[in-house]
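In what follows, a structure is listed as structure tokens, so that the remarks can point back to it.
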Amino acid sequence: MRLSQYPINTLKETPAEAEVLSHQLMLRSGLIRRLAAGLYSWLPMGLRTLQKVERIIREEMNRAGALELVMPVIQPAELWQESRRWSEYGPELLRIKDRHQRDFVAGPTHEEVITDIARRDLKSYRQLPVNFYQIQTKFRDEVRPRFGVMRAREFIMKDAYSFHVDEASLREGYRAMYDAYTRIFTRTGLTFRAVRADSGAIGGDVSQEFHVLAASGEDAIAFSDGDDYAANLEAAAALPPSEPRRAPQQPLNKVATPGARTIEELARFLKIEPARCVKTLIVEGTEDTVVALVVRGDHELNAVKAQKLPGVANPLRMASAERVVKATGTEPGYVGLVGLRCRVYADHSAFALADFVCGANEKDMHLTGVNWDRDVTGAVAADIRNALEGDPSPSGRGHLKIARGIEVGHIFQLGRKYSEPMKAVVLDEAGHEVPLYMGCYGIGVTRIVAAAIEQNHDERGIIWPEPIAPFQVVLVALQLQKSTRVREVAERLYAELAAAGIEVLYDDRDARPGVKFADAELLGIPHRLVVAERGLDAGKLEYRHRRDAQSTEFPADDALAFIRSRFAP
RNA sequence: CGGGGCAUGGCGCAGUCUGGUAGCGCAUCUGCUUUGGGAGCAGAGGGUCGCAGGUUCAAAUCCUGCUGCCCCGACCA
């Protein structure tokens with residue numbers, strides 16, 4: 001591709017709308033353009049990378065035996081009513097009406113449609129197992145789209161759905177997808193990790209996420225330094241302390257703590273460690289109740305864990321200040337456990353405390369020397385906090401470390417969540433109708449591109465992993481308007497590389513060297529060749545990898561063999 | 001949804017407080033010079049100042065309403 005005929009428009013300045021680095025670089029390098037909040041066009045340079053990612057995915061999905069199809073973006077409401085997600089999915093589901101006032105949705109995912117296909121077309125266990133996938137645009141009406149294509153409203157996803165006659169086959173199919181995903185992410189050249197996950201809104205039992213590791217990742221990942229345990233922090237178990245609780249030593253005592261609403265203020269006021277205090281969080285319960293959740297002062301509540309407890313509203317909602325006053329007699333900041341009349345869940349670590357501090361259910365007052373059983377009864381111990389770096393690993397070996405990741409893939413064993421309500425059944429060997437077992441497997445295709453940049457960049461721009469770079473080689477010809485010799489060599493080299501099937505971006509623009517170098521680096525093309533008067537006298541060209549600090553010279557006659565030797569094996 | 005902020009040429013911004021008919025840098029176009037790290041000079045094009053009302057002799061600027069966009073938002077119980 002000749003850059004003189006490629007309308008790239010790189011920006012020196014960062015558009016104000018972009019906060020994260022990948023978004024800034026994608027805009028500056030002209031990979032994408034924003035059309036509206038969470039809606040992006042992919043310009044030619046960006047599309048090349050996107051298609052490389054798609055190609056890797058397609059090849060590995062096909063290799064794993066999955067069958068590609070395409071389903072509509074717009075789907076009839078009836079299907080979503082059947083699966084109950086019409087009412088369960090919430091405002092992220094974009095609902096639209098056609099000219100006849102019939103309800104439709106812009107598909108945020110395609111379980112309903114594929115299940116409909118399955119129930120029509122799959123009749124017999126003999127047709128199973130089968131795995132269908134598509135690479136298709138999804139729409140999720142995010143509350144707050146941000147970070148460019150990382151959290152856009154419209155995005156491209158590879159979604160696959162497998163169907164099985166029994167659970168054993170589902171597990172096998174799931175395992176095959178795990179392996180395929182591992183190959184896919186390995187081939188993209190990204191550093192990633194597979195972790196245990198919460199299955200969230202999609203539903204189902206077993207699930208794992210694939211995360212690209214990057215400091216700016218939205219998710220926290222906990223992994224063990226002692227074995228291969230890894231989990232999303234949302235799903236990482238926090239083990240109960242190994243030592244038993246001490247016997248009470250202090251008497252219960254009420255102290256004035258004027259203005260000490262937060263744990264930090266309280267701990268400072270009483271000159272004690274936050275770990276000696278507990279936070280009593282009042283959340284909405286199921287029905288018209290509230291529930292108290294208790295965590296140690298130095299711990300954070302884990303909403304995903306908490307909302308699974310019996311009696312706690314799912315999704316988790318903090319009670320309003322008015323509800324807190326009504327339930328406890330005091331305002332937020334002074335809520336405590338003694339005399340509290342509602343269901344109480346205490347995190348294992350909080351439950352292991354003796355002689356601790358909590359609110360007194362009275363403004364500007366706290367209680368010290370509080371003890372479970374003696375002063376507070378009826379609390380149920382549960383794991384409701386986030387695991388912390390240094391906690392013992394739930395696997396029993398090693399301790400947890402925390403890293404940040406960008407979720408780019410998620411695989412689920414759905415079981416019969418959709419097949420049962422939607423009556424997707426086949427006849428088994430005995431001739432009985434049985435609901436299908438389903439698995440579903442997603443990859444955020446557009447997000448991978450942003451994640452790749454988050455993980456691979458420097459102050460000059462993008463550094464593409466070679467397998468997904470828009471071009472393999474950038475050929476920079478300096479002063480080719482002046483020097484016929486440079487032009488001839490560059491043209492010949494361009495033709496030669498192109499004929500050899502190498503993807504070359506040929507910078508034949510009439511621009512100054514600094515402009516060309518800066519653009520090549522911003523665009524992040526892995527291999528750079530420079531043709532200039534300077535080297536040609538000695539018959540030399542110049543090579544530099546995007547990650548290299550220095551250029552190297554090599555004989556011009558030998559260019560094709562040389563550049564091939566530089567490609568990753 | 002709650003809170004905060006912004007909307008002026010393709011991009012980044014100034015001008016708004018104190019009304020007088022729009023400016024800077026980048027980008028674009030032309031010419032000359034320049035050419036190994038985002039050139040210099042000379043010239044040019046491009047903006048009904050988010051939209052709709054209002055006040056005024058006069059509105060980017062003051063007032064009202066609307067729209068769009070950006071940022072933050074359990075961890076306080």
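Letters A, B, ... mirror the listed sequences (proteins, then strands); counts begin at 1. Below, all heavy atoms of this structure are taken into account, side chains as well, without hydrogens, waters or symmetry copies.
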Of the listed nucleotides [options], the one nearest the side chain of [X]:
| X | options | answer |
| --- | --- | --- |
| A/Gln479 | B/C76, B/G36, B/U35 | B/U35 |
| A/Ala37 | B/A27, B/C70, B/G36 | B/C70 |
| A/Lys12 | B/A27, B/C76, B/G36 | B/A27 |
| A/Arg34 | B/C75, B/C69, B/C72 | B/C69 |
| A/Arg544 | B/G37, B/C71, B/G36 | B/G37 |

With sequence neighbours left out, write down each residue that passes salt bridge (charged side-chain N to carboxylate O under 4.0 Å, His left out) with [X], or none if nothing qualifies.
| X | value |
| --- | --- |
| A/Glu362 | A/Lys254 |
| A/Lys305 | A/Asp383 |
| A/Asp537 | A/Arg485 |
| A/Arg153 | A/Asp141 |

For [N] and [M], measure between their [atom1] atoms and round to the nearest Å.
| N | M | atom1 | answer |
| --- | --- | --- | --- |
| B/G36 | B/G31 | P | 23 Å |
| B/C26 | B/A42 | P | 13 Å |
| B/G20 | B/C49 | P | 15 Å |
| B/G73 | B/C29 | C1' | 48 Å |
| B/C69 | B/A22 | P | 31 Å |
| B/A74 | B/C70 | C1' | 23 Å |
| B/G68 | B/C51 | P | 15 Å |
| B/C66 | B/G23 | C1' | 29 Å |

*Spacing between A/Leu480 atom CG and B/G36 atom P, to the nearest angstrom*: 14 Å
_Taking the ring of A/Phe356 and the ring of A/Trp372, is the distance between their centroids below 6.0 Å?_
yes
*Can A/Tyr334 and A/Asn361 be counted as having a side-chain donor-acceptor contact under 3.5 angstrom?*
no
*Short side-chain donor-acceptor distance under 3.5 Å, A/His399 and A/Ser393*: no
*Under the side-chain hydrogen bond (donor to acceptor under 3.5 Å, both in side chains) criterion, do A/His457 and A/Glu454 qualify, and how do the steps go?*
CA-CA 7 Å; A/His457 64 264; A/Glu454 286 296 332; 5.4 Å; no
*Going by the ring pair (Phe, Tyr, Trp, His ring centres under 6.0 Å) test, which pairs reach into residues 502-523 of chain A, not counting sequence neighbours?*
A/Tyr494-A/Tyr506
*Take the angle between the ring planes of A/His23 and A/Tyr40 and call it parallel below 30°, perpendicular above 60°, tilted in between.*
perpendicular
*B/S/- contact track for nucleotides 3-12 of chain B, protein heavy atom under 4.0 Å*: --------BS
Ignoring hydrogens and angles, write down the donor-acceptor pairs under 3.5 Å from the side chains of residues 337-347 of chain A, residues two or more places apart or on other chains.
{"from": "A/Arg343", "atom 1": "NH1", "to": "A/Pro310", "atom 2": "O", "distance (Å)": "3.3"}
{"from": "A/Arg343", "atom 1": "NH1", "to": "A/Tyr345", "atom 2": "OH", "distance (Å)": "3.1"}
{"from": "A/Tyr345", "atom 1": "OH", "to": "A/Pro310", "atom 2": "O", "distance (Å)": "2.6"}
{"from": "A/Asp347", "atom 1": "OD1", "to": "A/Ile384", "atom 2": "N", "distance (Å)": "2.9"}
{"from": "A/Asp347", "atom 1": "OD1", "to": "A/Arg385", "atom 2": "N", "distance (Å)": "3.2"}
{"from": "A/Asp347", "atom 1": "OD2", "to": "A/Ser349", "atom 2": "N", "distance (Å)": "3.1"}
{"from": "A/Asp347", "atom 1": "OD2", "to": "A/Arg385", "atom 2": "NE", "distance (Å)": "3.4"}

_Partner of A/His527 by side-chain hydrogen bond (donor to acceptor under 3.5 Å, both in side chains), out of A/Arg546, A/His545, A/Gln472, A/Glu466_ = A/Glu466
Heavy atoms within less than 4.0 Å of RNA chain B: which residues of [range] have one? Give them sorted by number.
| range | result |
| --- | --- |
| residues 263-275 of chain A | A/Ile263 |
| residues 506-527 of chain A | A/Arg512, A/Pro513, A/Gly514, A/Val515, A/Phe517, A/Ala518, A/Asp519, A/Glu521 |
| residues 361-380 of chain A | none |
| residues 334-351 of chain A | A/Val335 |

*asked:* Under a 3.5 Å cut-off for both contacts, is B/U18 paired Watson-Crick or G-U wobble with anything, and if yes, with which nucleotide?
replied: none
Run the side-chain donor-acceptor check on residues 2-13 of chain A: report pairs under 3.5 Å with partners two or more places apart or on a different chain.
{"from": "A/Arg2", "atom 1": "NH1", "to": "A/Glu491", "atom 2": "OE1", "distance (Å)": "3.4"}
{"from": "A/Arg2", "atom 1": "NH1", "to": "A/Glu491", "atom 2": "OE2", "distance (Å)": "2.9"}
{"from": "A/Arg2", "atom 1": "NH2", "to": "A/Glu491", "atom 2": "OE1", "distance (Å)": "2.8"}
{"from": "A/Ser4", "atom 1": "OG", "to": "A/Asp508", "atom 2": "OD1", "distance (Å)": "3.0"}
{"from": "A/Ser4", "atom 1": "OG", "to": "A/Asp508", "atom 2": "OD2", "distance (Å)": "2.8"}
{"from": "A/Thr10", "atom 1": "OG1", "to": "A/Asp519", "atom 2": "OD1", "distance (Å)": "2.8"}

*Could you check whether A/Arg33 gets within reach of a base, just the sugar-phosphate, or nothing at all, counting any heavy atom under 4.0 Å?*
nothing
